[in-house]
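Structure first, commentary second.
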Amino acid sequence: MTNWIWRGLRGGILATRYPFEAEAMPPRYRGGVQVLDGAALEEYRRGEEACLPRALTLEGGGARVDRGRCIQCGQCQRVAPNAYRMTPEFELALVPDEVTAARERLRARVAPLGRSVHLRHVDAGSDASCEQELQALFNPFYDLQRLGIFLTASPRHADVLVVTGVVTTAMADPLRLTFEAMPEPKIVMAVGTSACSGGIFAADGDVVGPVDRVLPVDVRVPGSPPAPLAIIHGLWVALGRATAHAREAVR
Amino acid sequence: MTAASRLDAREAARMAVERVRSGARFCWLYADARGEAVRLTYVTDGDDGLEAFTGAAGAGVDSIAERVPAAYWHEREARDRFGVAFTGLPDATPALPPPSADRLRRGQGEELSVVLYGPVRSGIVESMRWIIETAGEDFVHVHPAIYAKRRGVEERFAGVPLEVAPLVAEHVSGATAASHATAFSRAVEDALDLEVPPRARALRSALVELERVHQHLDALAKLAEDGSLAIGAAQLLAAKERVHRLLAEATGSRFARGVICVGGLRDDLAPPLLEAAERGLDEVERHAVAAVEGFFGTQSSMDRLIGTGRLAPDIVRELGGVGPVARGSGVSCDARLRDGWLYTPLQGDEALADGGDAYARARVRAVEMRRSFRLIRNALDSIPDGPVRSSVPVREGSAIARVESPQGELLYYVRLEGGAPARVAIRSASFANWPLFVPSLPGNIFTDFSFIEHSFGLIHAETDR
Amino acid sequence: MSALESILLALGVAATAIVAAILLPGRTGRAIGFAGLTLSGLCALAGGMRALGEPAAAFAGSEALHTAVRLDPLSAFFVTVIAVVATAVGIYALGGRTADERSGGGTAAAVSAAILFASLLICVADDALLFVFAWELLAVAFYWAAGFAGSDPGGQRAGYVTAVVTHAAGAGLIAALLILARGDVDFSLRRLLANAPSLSAPLAGAVFLLFLVAFGAKLGAMPLQAWLPLGYTAAPSLVAALMAGGALNVGFYGIVRFLIAPAWPVPLWWGMLVLAIGGISAFLGIAYAVAQHDLRSLAAYSSIENGGIVVAALGAALVAKTLHLPLLLGMAVAAAFLHLTAHAFAKALLFLGASSIRSAAGTTSFQRLGGLAGRLPATALLTGVATLSLAALPPLAGFAGEWSVLETLMQAFRLRDTTAEVTFALAAAAIGVAAGLAIVAFTKALGVAILGAPRTPEAQRAQERLGARAGGMAILALGVVAVGVFAPAYLGWIAPAVDGLAGVGAARAMIATAPLLAPSYPGFASISPLGLLAQFVGFGALFALFVALIARPKARRSPVWTSGNVYAASTSYTGTGFVNPTRAISAPALRTERIITVEGPRLAPRSIRYESRSLPLFDLPFYRKVAAAMLRIADLARATQSGAIAAYLSYILVFVIGVLLFYPSIRNW
């Protein structure tokens, strides 16, 4: 019989101290996109054309990134390295554009939750990688429970609704029913680029669209899939304990 | 792989049935519509490898589902998506769009109630609907209602430049992105008669095997969690995390996304991969093997798996099961053995087990994981020099390619037109395997359900597409 | 008017009611019949209550017509219980015709009056012929009720089975009485029973068994129980209320009067046999009840269970009689009486509730009900009281009764006879298991039929139409609560009936520590039903206060959460689903047949039909074999009735020769 106690003790403490201490992804990690200044227009255009989810738009003399659409593939950097650079940042969470009002509303809703929240996850049509990264949050390296964040099966006990994947036609009603089954105050978090903006999927017969077509979304965590650290940052923003670094309009 | 094109789908069907009768496995039936005309292709896997028989559907074709049960769901999807008429298809209820629970109920009698399990289930799991008809604690009839997550990915490929098309494949199943990107790229490369440089082949095989490791660890972690072995699950998930960190270090993505492309790899990953492996592969392997051994050494967990969800080999063969699910019942089916696409051939026999229960399937995964580490080292120890990518010509063509994904045999069909995919069809291992779920249920009780589900290790995103 | 006169008046009114209900057409006949039932019940109640406190009174009437009746405290007790049930049923019935009465309902009224008449007569008859007449009349009334009064199909068969079993039992009764008579031409029951002690042991044993068969069959004791569920479900539910709550008790009366009361030497095996039958009936009865699909058949099997419990208590009384423990004897009888009262009221209430549910929702099948608590609040509440009492939950009557019976069996250590102690223990175990199963069965009845959400459109459309009927149900509900909470007072009131048998103040000893209820042996155990009630009420009030005082956020109504699906009634647990684990555990006793029929191709079945049936151990196949044997004997006997004068003349010749030959010895019998 395996001696798990001995194994566990021998393994030591693996948990990161993020968000209380800084953490970093490996240097090659493709987290966010940075638009570099001073490149040729041609280069910006090449990058914009190469972007499958159309996250880049030419603007002024350069380009603008819709972080909610970026799938972190790095094609823009490959075809136009002078115009775009991928950085290993992971704190990519977004809140809606109407900053003050949205943030105030969020803060008002978050205050009564105290310091401990329960998450209810719904898969609205993901590609299964977001689920695995969410599951990773409960492994010894990230250990979400040390932050007072727990998972619950019943929406009646949940404070935060975490939605992954673009919303398919068949999942729109179940998603809505889950939201309605949650008592106030509640927060909706869209995890993954498909959930934030639809990503490479446009609304058509099978796809309704990103989560905000169905529910009011408070925090978006883009990424394909977002790294567990990015999701932790997103949760911290949702709980009003961190600010989103970027405030981007989501088309 | 041999392809035979016939004028009539009926003849194609007949030839496929003949192959199945003489011992081949039925793999796939897909439809390709060019304008008004729909062409059906039947794919079997026999001693001579993959064979495809294509014919025009015309007014309609006879259903082969009664003779070849493995074809049943393929025919239903072809009927609902392309309007092909299959005479004699057992179920007239459309599978697409997903019908309501009332239409799927088959039980009669006042003593039956329905358990609508899903689509929103407890925990962080994919959405899937099960309509379970029960008279208490037993399963009278179970209907898995797939297509809740249907996004229409196959259609998304149309017209996407080949340079970025593998990214769409990665979205079919993000957790097994490397397998999907490889299968798609291989199909395009076969269609274009393009040779991939050996350096790229070695790197691809290392990435696919690393993916196999983290997916098998995931399946075993879920089994540990089902049996409330929290610490076992934690150790297995920690081992999985180490693999993801290795991949992030080497490729820039925790799931090796965005690096595999048509013609090879986008970047020369050999230096960073070798460096990352040198630094950490030993530790990754050590922890993974220890966690798996620890799990199998926990008798109470094993007791829940032994005898649960038994699948007889003939049912597996009849329904065309693949992957660890098939191998757990002793049915041989490993694409790596059949196609020899790997840089280094698979050493030793494939991992087969008797028993057909959840325990056997878990054992198969454990053995495969260890062998994957060996394959990774083989690939990395002797990476050939040379380019990492061939240039991609613009030509017409079509081909079927096969890759052994962690769930089993993954097939991609790509038809190119004007330098971009015109039609992509995908037969994932999960689509092939999930019909085996219901036959594995009788004799089990409700609490065995999640053990059986996780021992199958299916990814619903690649079933529903 | 004296007590006896009240009873005679009750009998007269009941007889008139029978005739009126038959002769007058439709609604009028029904109204007059049930009004007569109510009036008769009230008279009988008045008479019974008075007679409990008075010494025995007799009325000889006409010698030729054998109309001798006698009212002693024992008879008075049974008369009271039956009268309460009859009055309640009458009041309920006056509220209007119920859905399961055939045509105008006149038959139901006549039958009910007949059942009351016959039951009352059985309890007060002092003439053997009158007794037998009343017994047969009751059997005919049951046949009539099962076969011709209900509107459900299948009544004919139910009536036939009922008639066969009760007639066979009646034959046993006649035989026993004949043996007791010992050739005397005196029909007085009192004198017949006084003969009992002088019977030889084998004859006494035969008499005992014959009486046991006769009265056991009326009670549905195993193995003679098959007719009971058939008969009770075929009759209209309100008549079944009278049958189960009223007429059933004559079986107990018979056992007490003919087995326990006579001053004969009771061998130990009698009491142990009765105990065994009681325990087995209790266990098997409720095991089958659990598996029933219909509320009325569940109630019928529950009657078998409760009958078994009372019979077990009476068996304990017999053992106590053998071992000369009058205190235990009295306690056993008191416990039996308490429990049978509880059962009579609760079962009658349950059947009346079933009648109301049937009228409102069109069915009493569990799988087609649900959600009645919202739609029929009064019915649900009153039926709920009945189910809780039958599940023996405090502080209701069923709890007090079952507790007393179990306490009686707990006194085994006083017996000082090993076999008797073991039998007591086994019977107690059987009753304990039965109590547990009863909770499952009645949770199913309450949970599946009344609580939850409606399973069918009929259940959804159910409308409360109780009106005046609620009065009848309320009387019984109040009785259930009162007898439970004030059990000591009730025991004190019926003490004359008990102590008359035991000869010592056993019942009074049980209530010596009122308001606590205790065994007649002091210092052993005690419960306080009143205290329990006070606790429930007190804690309930405290909780309500707590809830009212604590501020709660505004609530929002939201649909039931079912995994992201819209709620469907088909997801409600069925009755079968709920009891499946219980059925699996009691599989050896409950042989459940599961029939699954799959239609269509294997890959895509078109339909899967599921049916389950639980087959009791002693059931119709067993009876059919017995009936076949008896029919063969009857065929042989028929051969003698050839119709030829010559044959009959030769019978007479043979008989005369026989008498002449054996006359001298016959004289000395």
Side-chain angles (χ1 to χ4, degrees), chain A residues 1-2 4-5 7-8 11 14 25-26 28-30 50 52 71-75 78 86 121-136 138-142 151 153-155 162 165-166 168-171 174-175 177-178 194 199-201 204-207 224-225 227-228, chain B residues 97-98 119-127 147-153 155-156 160 163-164 167-168 170-177 218 229 231-232 234-235 237-238 240-241 244-245 248-255 257-258 266-267 272 290 293-295 297-299 459-462 464:
Chain A
M1 187 76 172
T2 310
W4 287 110
I5 300 178
R7 281 172 185 245
L14 301 170
M25 294 296 284
R28 289 181 72 93
Y29 178 70
R30 292 191 297 277
L52 183 62
I71 59 171
Q72 302 170 320
C73 65
Q75 273 303 92
R78 283 192 195 96
M86 303 287 312
H121 161 259
V122 174
D123 166 20
S126 74
D127 62 13
S129 58
C130 293
E131 273 76 31
Q132 293 199 5
E133 294 294 62
L134 276 170
Q135 285 159 3
F138 295 93
N139 74 27
F141 284 94
Y142 302 107
L151 207 54
S154 169
V162 177
V166 70
T168 63
T169 320
M171 286 303 297
L175 181 60
L177 284 170
T178 314
S194 301
I200 67 171
F201 298 104
D204 67 11
D206 293 310
V207 169
S224 205
Chain B
V120 181
R121 304 184 283 150
S122 56
I124 304 173
V125 287
E126 287 186 86
S127 293
Y147 298 124
K149 291 178 49 157
R150 181 171 158 73
R151 296 161 287 160
V153 192
E155 286 91 323
R156 184 63 183 90
V160 173
E163 184 57 36
V164 288
L167 295 174
V168 183
E170 289 175 356
H171 273 82
V172 176
S173 162
T176 53
D218 185 67
L229 186 68
I231 180 153
Q235 301 259 353
L237 284 177
K240 175 179 191 268
E241 174 70 20
H244 284 302
R245 289 189 170 187
E249 248 183 78
T251 69
S253 161
R254 284 165 58 95
F255 285 86
R257 292 171 78 148
R266 291 217 172 85
D267 311 311
E293 274 177 356
F295 177 52
T298 311
Q299 196 53 43
I459 291 186
H460 302 305
E462 67 176 16
D464 295 347

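Chain letters run A, B, ... following the sequence lines, proteins first, then strands; residues in each count from 1.
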*What part of A:A136 is in contact with chain B, defined as an atom under 4.5 angstrom from a non-hydrogen atom: side chain, backbone, both or neither?*
side chain
*Relative to chain B, which segment of A:T178 carries a heavy atom at a distance below 4.5 Å: side chain, backbone, both, or neither?*
side chain
Select, from [options], the one with the greatest count of heavy-atom pairs under 4.5 Å involving chain B.
options: A:E131, A:R78, A:M171, A:M1; answer: A:R78
options: A:A153, A:P140, A:C73, A:C130; answer: A:P140
options: A:Y29, A:F138, A:F141; answer: A:F141
options: A:V207, A:L177, A:I200; answer: A:I200

*Before giving the answer on salt bridge (Lys or Arg N to Asp or Glu O under 4.0 Å), spell out for B:E249 and B:R245 the whole-Å C-alpha distance, their side-chain angles and the decisive distance to 0.1 Å.*
CA-CA 6 Å; B:E249 248 183 78; B:R245 289 189 170 187; over 6 Å; no
Most contacts with chain A, counted as non-hydrogen pairs under 4.5 angstrom, among [options]:
options: B:V160, B:L167, B:I459, B:V153; answer: B:L167
options: B:S253, B:G152, B:A234; answer: B:A234
options: B:S127, B:P98, B:G258, B:S122; answer: B:S127

_Sole residue of A:E133, A:Q135, A:Q132 in side chain to side chain contact (heavy atoms under 4.5 Å, CB included) with A:P228_ = A:E133
Does any heavy atom of chain A fall under 4.5 Å from the side chain of [X], the backbone, both, or neither of them?
X: B:A177; value: neither
X: B:V172; value: backbone
X: B:R151; value: both
X: B:T251; value: backbone
X: B:E462; value: neither

